[in-house]
Peer 1: 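One structure coming up, written as structure tokens, with questions to follow.
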Amino acid sequence: MGLIYLVRHGQADRLGKDYDRLTDLGKTQAKLLGQYFVRQRIEFDSVFTGSLQRQKQTASGILESFQEERFCIPDPIENENWNEFDPRLWLSLAAKIRNTDSDFAKLYEDYKTAWENGDTKTRDYFQELIQRVLDDWVNGVWDPVEPYSFGEYVDRISLGFESIPKDVQSSLVVSSSTPVAIAMGLACGMEKRKFPVFMKSILNSSLSVFRREGNHLEPVSWNSVPHLYENPELHTII
């Protein structure tokens with residue numbers, strides 16, 4: 001039996017010009033999670049991240065605590081199968097929807113204006129837009145879609161799990177919200193089109209633990225932030 005500790009990256013700069021970097025708060029979240037692992041004496045036989053900067057920065061913040069305490073910890077292995085879905089997919093689907101839905105088109109323009117002005121409404125606009133895009137993607141409304149269908153993306157996450165050694169006790173994986181949601185859907189044996197229900201609530205730097213039994217995943221815990229309990233102000237979702 002092996003345990004897989006699946007972590008969503010810390011808060012990234014949604015309002016900035018480069019979302020693929022952690023904010024100072026996101027770095028703090030990662031550091032606190034590492035300290036939690038050290039206090040709980042949770043060690044890892046293997047460590048994986050996607051290739052995105054925000055994922056690698058989160059892993060670095062976590063592992064820093066192990067290094068400070070002189071724990072032996074393996075170097076992270078980069079695997080693109082743990083990446084968030086490709087931004088080209090979001091842009092491609094949004095363009096298709098704008099051409100057929102005037103309300104969506106207006107909301108998209110409002111989002112662009114807010115983003116350019118650094119308006120805090122950017123987050124709310126984006127959440128509304130992305131839910132529509134995800135719904136269309138998951139339900140295959142547009143076919144074909146680049147760079148991959150939802151089913152193909154789920155297969156990528158499955159391959160990510162297959163790359164984790166089966167003969168180890170515990171592995172750390174630092175990824176993003178969509179892969180974490182898909183992992184939970186796979187572990188629960190749900191229909192693929194229902195996976196996105198988990199995406200709306202995944203906190204930054206949250207910890208989800210899965211037990212591997214043979215070729216199957218079983219959920220042990222979900223979307224927990226024990227390292228942030230003492231300070232709710234550190235709880236973020238974007």
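The first residue in the sequence is number 1, and the count goes up from there. Reckoned from all heavy atoms, side chains included, excluding hydrogens, waters and symmetry mates. Keep in mind that what you see is a predicted model, and the values were worked out from it rather than measured.
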Peer 1: Is there side-chain contact between His9 and Gln57, with at least one heavy-atom pair below 4.5 Å?
Peer 2: no
Peer 1: Could you grab the distance from atom CG of Leu25 to atom CD of Gln11, nearest 0.5 Å is fine?
Peer 2: 5.0 Å
Peer 1: State whether the number of non-hydrogen atoms from other residues, nucleotides or ligands found under 6.0 Å of Glu80 atom CD is greater than 12.
Peer 2: no
Peer 1: May I ask you to check whether over 12 heavy atoms, not counting those of Gln40, lie within 6.0 Å of atom CD?
Peer 2: yes
Peer 1: Between Ser176 and Gln55, do the side chains contain an N or O donor and an N or O acceptor separated by less than 3.5 Å?
Peer 2: yes
Peer 1: Do other residues, nucleotides or ligands put more than 12 heavy atoms under 6.0 Å from Asn231 CG?
Peer 2: yes
Peer 1: Keeping the roles fixed (side chain from Thr58, backbone from Arg54), state whether a donor-acceptor pair exists under 3.5 Å.
Peer 2: yes
Peer 1: Kindly compute the distance separating CG (Asn83) from CZ (Arg156), expressed to the nearest 0.5 Å.
Peer 2: 7.0 Å
Peer 1: Between Val138 and Lys192, is any pair of side-chain heavy atoms under 4.5 Å apart?
Peer 2: no
Peer 1: Measure the NE2-CD distance between His216 and Glu213 for me, rounded to the nearest 0.5 Å.
Peer 2: 10.0 Å
Peer 1: For Ser171, enumerate each residue passing the side chain to side chain donor-acceptor pair (under 3.5 Å) test, keeping only those at least two apart in sequence or located in another chain.
Peer 2: Ser46
Peer 1: What class does the angle between the rings of His227 and Tyr36 fall in, given that below 30° is parallel, 30 to 60° is tilted and above 60° is perpendicular?
Peer 2: tilted
Peer 1: Heavy-atom distance under 4.5 Å between the side chains of Pro165 and Asp45, does that happen here?
Peer 2: no
Peer 1: Is atom CD of Glu128 surrounded by more than 12 heavy atoms (other residues, nucleotides or ligands) closer than 6.0 Å?
Peer 2: no
Peer 1: Would you compute the distance between atom CG of Leu52 and atom CG of Asp20 and round it to the nearest 0.5 angstrom?
Peer 2: 5.0 Å
Peer 1: List in chain and number order the residues that pass ring-ring contact (aromatic ring centres under 6.0 Å, His included) with Phe150, two or more places apart in sequence or in another chain; answer none if no residue qualifies.
Peer 2: Trp137
Peer 1: Indicate the atoms forming the closest heavy-atom contact of Phe85 with Ile130, along with that distance.
Peer 2: CZ-CD1, 3.9 Å
Peer 1: Tell me whether the centres of the aromatic rings in Phe44 and Phe37 are closer together than 6.0 Å.
Peer 2: yes
Peer 1: A side-chain contact here means heavy atoms from C-beta on lying under 4.5 Å apart; do Leu207 and Val225 qualify?
Peer 2: no
Peer 1: To the nearest 0.5 Å, tell me how far Leu186 CG sits from Glu218 CD.
Peer 2: 13.5 Å
Peer 1: Evaluate salt bridge (Lys or Arg N to Asp or Glu O under 4.0 Å) for Lys31 paired with Glu64, printing each intermediate quantity in order.
Peer 2: CA-CA 7 Å; Lys31 176 72 171 177; Glu64 183 180 334; 3.3 Å; yes
Peer 1: Going by distance alone, is a donor N or O of one side chain under 3.5 Å from an acceptor N or O of the other, for Ser206 and Asn223?
Peer 2: yes
Peer 1: Check the pair Tyr108, Tyr125 against ring pair (Phe, Tyr, Trp, His ring centres under 6.0 Å), reporting the backbone distance first and the verdict last.
Peer 2: CA-CA 8 Å; Tyr108 187 85; Tyr125 290 146; over 10 Å; no
Peer 1: For the rings on Phe198 and Trp222, is their centre-to-centre separation under 6.0 Å?
Peer 2: yes
Peer 1: Cluster question for you: counting only ILVMFWY and a side-chain heavy-atom cut-off of under 4.5 Å, with indirect links fine, are Leu159 and Val168 together?
Peer 2: no
Peer 1: In this structure, is the centre-to-centre distance between the rings of Phe66 and Phe71 below 6.0 Å?
Peer 2: yes
Peer 1: Taking the side chain as every heavy atom from C-beta outward, state whether Leu63 and Pro76 have any atom pair closer than 4.5 Å.
Peer 2: yes
Peer 1: Rounded to the nearest 0.5 Å, what separates atom CD in Glu84 from atom OG in Ser51?
Peer 2: 12.0 Å
Peer 1: Using the side chain to side chain contact (heavy atoms under 4.5 Å, CB included) definition, which of the options Ile164, Val47, Val7, Ile77 pairs with Val173?
Peer 2: Ile164
Peer 1: Any side-chain heavy-atom pair from Phe48 and Asn81 closer than 4.5 angstrom?
Peer 2: no
Peer 1: Test Arg132 against Asp101 for salt bridge (Lys or Arg N to Asp or Glu O under 4.0 Å), laying out the working first.
Peer 2: CA-CA 11 Å; Arg132 171 63 188 280; Asp101 186 328; 2.8 Å; yes
Peer 1: Run Asp119 and Lys121 through salt bridge (Lys or Arg N to Asp or Glu O under 4.0 Å) and show every step you take.
Peer 2: CA-CA 5 Å; Asp119 193 324; Lys121 290 182 180 178; 5.3 Å; no
